[in-house]
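For reference, the structure is listed below as structure tokens.
Because the structure is predicted, anything quoted here is derived from the model rather than measured.
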Amino acid sequence: AGGPDYLAGLNADLHCNFTPEYPLTIRSHDLNNRVTVKVPDVAFNLFYLRNVVIEGINFEGSGQGYNRALYGAWHDLIGRTDNITVKKCKFVNTPTDRLVGMEGMGDGLIVENCIFYSTNNSDSYRCINQSFGGNKYKLYNNTVIGGWRYFVLVTSLSGMEMANNVVIG
């Protein structure tokens with residue numbers, strides 16, 4: 001028995017920035033009965049937010065389009081989606097309900113204790129697909145199962161830390 005399905009996404013169309021001491025925290029109310037977010041296109045569009053913690057949420061694709069669980073942005077004046085922490089989340093990608101885990105994150109992404117599960121074998125769908133920034137990523141204690149082509153695809157290894165990640169499949 002899981003938590004309720006959530007069929008609407010988060011569209012953070014604001015330019016306020018939280019602090020490391022007081023981040024915006026989005027978490028499932030009950031980690032034993034997690035909320036499942038299943039929306040087409042983008043589940044959580046973080047735009048230019050900084051200092052966000054996302055915890056204990058299941059993300060699933062919705063249809064065969066290019067769906068993303070978490071999406072960031074970049075702008076010359078406003079900046080990037082920096083310092084995002086994702087922990088204890090699950091990302092599910094299937095041939096009928098496709099999903100990219102995270103895309104467009106800026107610097108300082110932390111992903112820990114997450115599960116990435118895929119039965120869809122495709123080069124286009126990745127656990128972490130970096131488009132903007134990519135410095136100082138920290139990836140700890142994650143499990144990647146199935147047909148993901150890449151666990152993480154980055155253009156910069158500056159400050160990258162990876163430890164205790166398991167890839168099966």
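The closest side-chain heavy-atom distance from Y140 to E161 is below 4.5 Å. Two residues are said to be in side-chain contact when any heavy atoms from C-beta on lie closer than 4.5 Å; F91 and C114 meet this criterion. N165 has its side chain out of reach of V152: every pair of non-hydrogen atoms, C-beta onward, lies at least 4.5 Å apart. Side-chain atoms of V144 and C127, non-hydrogen and from C-beta on, do get closer than 4.5 Å to each other. A heavy-atom distance below 4.5 Å is not found between the side chains of V86 and F44. Side-chain contact between K88 and R27: absent, with no pair of heavy atoms (C-beta onward) separated by less than 4.5 Å.
By the 6.0 Å contact criterion, NZ on K138 is enclosed, its count of non-hydrogen atoms from other residues, nucleotides or ligands being greater than 12.
With sequence neighbours excluded, no residue satisfies side-chain hydrogen bond (donor to acceptor under 3.5 Å, both in side chains) with N113.
At least one donor-acceptor pair under 3.5 Å links the side chain of D107 to the backbone N or O of N135. Under a 3.5 Å cut-off, the side chain of N93 and the backbone N or O of L99 do form a donor-acceptor pair. N67 contributes no side-chain N or O that, together with a main-chain N or O of P40, makes up a donor-acceptor pair within less than 3.5 Å. Side chain of N83 to main chain of N51: no donor-acceptor pair is present (N/O by atom type, distance under 3.5 Å, no hydrogens or angles).
Membership of the apolar cluster around Y66 extends to V100, Y125, as traced through chained side-chain contacts below 4.5 Å between ILVMFWY residues.
When each of N33, V37, V35 is checked for a side chain to side chain contact (heavy atoms under 4.5 Å, CB included) with S28, only V35 meets the rule.
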Full working for side chain to side chain contact (heavy atoms under 4.5 Å, CB included) between M162 and Y137: CA-CA 8 Å; M162 294 178 69; Y137 278 19; over 6 Å; no
